[in-house]
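See below for the structure under consideration.
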Amino acid sequence: MPFSIREFEALARDRLPRYVYDFMAGGADDEVTVRANENAFARLRLLPRVLRGRPKRDLGITLFGDEITMPVVLSPTAFHRLADPEGELATARAAARAGTVMIASMASTASIGDIAKAGGADLALWFQAYIQSDTGITRTLVRRAEDAGCRALVVTVDSPVFGWRERDHRNGFHHLPVGWHCENMRDLTGDGGVLDIEMVADLSWDHIDQLVAMTDLPVVLKGVLHPDDAVTAVDHGVRGLLVSNHGGRQLDTAIATIDAVADIAAVVDVPVLVDGGVRRGTDVVKALAFGARAVGVGRPVLWGLAARGEDGVTEVLELLRAEIDRALALTGCASAHEVARDLVREDRC
Ligand SMILES: Cc1cc2nc3c(=O)[nH]c(=O)nc-3n(C[C@H](O)[C@H](O)[C@H](O)COP(=O)(O)O)c2cc1C
Ligand SMILES: CC(C)CC(=O)C(=O)O
């Protein structure tokens with residue numbers, strides 16, 4: 001079994017067709033932000049405490065009333081069938097076994113209802129949506145998420161247009177293989193067809209008001225990086241924030257997310273999550289120190305799924321859990337809640 005997420009990525013790279021690996025690993029333009037997300041974590045250094053007598057660590061946290069077993073959730077990623085024939089169903093089973101949240105992408109290759117069934121009652125399932133220009137379509141998607149038992153709605157707001165992904169253009173990857181579809185987009189128009197997902201350039205806070213009014217589920221905004229937007233979001237009834245630059249796939253040279261999270265956590269009272277470049281338990285501890293309640297992982301889940309299917313996702317999540325536990329022990333913390341801001345210093349080398 002691989003010993004690190006890095007090794008899972010190498011295994012996945014060997015197993016996947018080139019165009020699939022590139023789609024998953026790649027980002028926008030020069031991929032500056034893809035690299036920056038990881039590099040920014042490495043630049044931060046931990047200042048551990050000693051002799052605090054911590055025989056066991058408690059990794060659990062609460063999100064919207066649900067207890068999860070570690071401060072790591074599965075960020076939404078499209079097209080899991082490209083990684084494994086069982087696709088999102090395998091991912092859901094692994095997330096349920098790990099006792100954490102899966103944020104299912106609107107661009108899943110299984111429907112949200114089928115993902116919920118696969119995960120079973122143990123899965124804390126959230127649904128990620130791109131607001132569509134036709135409010136009726138957005139409403140139907142929200143109802144499907146509610147009917148599937150989703151516990152929160154994540155609205156991605158960093159994609160008014162699609163990022164420029166040169167690897168995909170070079171590989172000619174613009175559509176799913178014949179016969180595979182975004183199953184959440186089926187039967188939305190009455191003719192049994194599958195609609196394309198739209199990126200809507202004129203999205204505004206009015207759309208967020210509409211969405212918040214449409215559902216009792218907590219709405220989480222994904223893709224906020226500016227503290228002023230975070231404050232505005234909460235004013236509009238948003239109940240959580242996922243600080244994200246879409247894994248460097250949208251605006252290249254956008255700020256690394258770990259560099260954005262502290263300023264946001266300082267100005268809002270709602271749970272703040274962060275994703276982008278989390279590859280080690282020490283990264284998670286740094287995010288907690290900056291005020292995040294939890295982190296999201298995108299590509300690591302895909303590497304696990306591509307390398308070893310459902311078991312691979314389980315192994316990736318358990319690797320992270322063990323690494324977080326070890327990082328807490330080595331920094332002198334008994335729980336995720338005890339991680340304090342003064343554990344992290346900027347690298348002075
Ligand atoms: C292959 C791939 C597909 C993605 N699909 C979606 C998506 O459908 N919706 C979304 O909001 N974010 C999507 N993302 C972004 C992730 O939710 C997340 O922000 C990002 O992957 C985090 O960075 P990491 O991969 O370094 O962990 C995708 C990312 C990847 C790598
Ligand atoms: C195909 C898109 C809807 C998903 C994706 O690749 C992304 O959001 O990065």
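Counting starts at 1 for both ligands and their atoms, in listed order.
In this structure, Arg249 is positioned above the aromatic face of Phe23, its NZ or CZ under 6.0 Å from the six-membered ring centre and within 45° of the axis. Both tests pass for Arg81 against the ring of Trp180: distance under 6.0 Å to the centre and angle within 45° of the axis. Cation-pi contact between Arg165 and Phe162: present, with separation from the ring centre below 6.0 Å and deviation from the ring axis of at most 45°.
Using 4.0 Å as the threshold, Leu302 has a heavy atom nearer than that to some atom of ligand 1. Within the 4.0 Å heavy-atom cutoff, Arg279 counts among the residues contacting ligand 1. Residue contacts with ligand 1 leave out Phe79, since none of its heavy atoms falls under 4.0 Å from the ligand.
Only the side chain of Lys222 comes within 4.0 Å of ligand 1, judged by heavy-atom distances. Residue-level proximity to ligand 1 for Asn37 is absent, since no heavy atom of it falls below 4.0 angstrom. Neither the backbone nor the side chain of Met106 comes within 4.0 Å of ligand 1, counting heavy atoms alone. Under 4.0 angstrom from ligand 1, the non-hydrogen atoms of Gln128 all belong to its side chain. Contacts with ligand 2 closer than 4.0 Å are made by no heavy atom of His174, backbone or side chain.
Remark: the backbone N or O of Trp126 is not paired with any side-chain donor or acceptor of Gln128 at under 3.5 angstrom. Checked by atom type and distance alone, the side chain of Ser244 never pairs as donor or acceptor with a backbone atom of Asp275 at under 3.5 Å.
Of all atoms in ligand 1, listed by their number and element, those nearer than 4.0 Å to a heavy atom of Thr156 are 10 (C), 11 (O). Under a 4.0 Å criterion applied to the non-hydrogen atoms of Phe23, ligand 2 contributes the atoms 6 (O). Here is the list of ligand 1 atoms found below 4.0 Å of a heavy atom in Arg299: 23 (O), 24 (P), 25 (O), 26 (O), 27 (O), 31 (C). The distance from ligand 1 to the heavy atoms of Ser105 drops below 4.0 Å at these ligand atoms: 7 (C), 8 (O). Within ligand 1, counting atoms from 1 as listed, the ones closer than 4.0 Å to a heavy atom of Ser244 are 19 (O). Proximity to Gly276 (heavy-atom distance under 4.0 Å) selects the following atoms of ligand 1: 22 (C), 23 (O), 26 (O). Counting the atoms of ligand 1 from 1 in the order shown, those under 4.0 Å from a heavy atom of Met24 are 1 (C), 31 (C). Remark: ligand 2 atoms within the under-4.0 Å shell around heavy atoms of Phe79 are 1 (C). Within ligand 2, the atoms closer than 4.0 Å to a non-hydrogen atom of Tyr130 are 8 (O), numbered from 1 in the order shown.
For Asn245 and Asn37, the side-chain atoms include at least one donor-acceptor pair closer than 3.5 Å. With 3.5 Å as the limit, one finds no donor-acceptor pair spanning the side chains of His80 and Thr109. No side-chain donor from either of Ser108 and Glu183 sits under 3.5 Å from a side-chain acceptor of the other. Side-chain N/O atoms of Ser4 and Arg279 include no donor and acceptor closer than 3.5 Å.
The nearest protein atom to atom 9 (O) of ligand 2, hydrogens excluded, is given as Arg249 NE, 2.7 Å; this is a heavy-atom distance. In this structure, atom 5 (N) of ligand 1 lies nearest to the protein heavy atom Ala78 N, 3.1 Å. From the protein, the heavy atom lying nearest to atom 1 (C) of ligand 1 is Arg249 NH2, 3.4 Å. Given atom 19 (O) of ligand 1, the protein heavy atom at minimum distance is Asp275 OD2, 2.8 Å. Looking only at protein heavy atoms, the nearest one to atom 4 (C) of ligand 2 is Ala78 CB, 3.7 Å. Nearest protein neighbour of atom 3 (C) of ligand 2, counting heavy atoms only, is Ala107 CB, 3.9 Å. Among all protein heavy atoms, the one lying closest to atom 7 (C) of ligand 2 is His246 NE2, 3.2 Å. The nearest protein atom to atom 2 (C) of ligand 2, hydrogens excluded, is given as Phe162 CE1, 3.9 Å; this is a heavy-atom distance.
Remark: Met24 CE to Leu16 CG distance equals 6.0 Å, nearest 0.5 Å. Note: Arg139 CZ to Glu146 CD = 10.5 Å, rounded to the nearest 0.5 Å.
Between Phe173 and Tyr19, the ring planes are tilted. Angles from 30° to 60° get that label. Using bins of under 30°, 30° to 60° and over 60° for the plane-to-plane angle, the ring pair His236/Trp205 lands in the parallel bin.
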Working for side chain to side chain contact (heavy atoms under 4.5 Å, CB included), residues Val268 and Leu241: CA-CA 9 Å; Val268 296; Leu241 295 163; 4.0 Å; yes
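Of the N or O atoms in Gly296, none lie within a sub-3.5 Å distance of an N or O in ligand 1.
Ion pairing between Arg45 and Glu346 fails under the 4.0 Å rule for side-chain N and carboxylate O.
When every heavy atom of Val339 is checked against every heavy atom of Leu328, the shortest pair comes out as CG2-CD2, 3.5 Å.
In this structure, of Met106, Met199, Gln128, Arg165, the residue bringing a heavy atom nearest to atom 6 (O) of ligand 2 is Arg165. Closest heavy-atom approach to atom 14 (N) of ligand 1 within the set Gly298, Pro76, Gly247: this belongs to Pro76.
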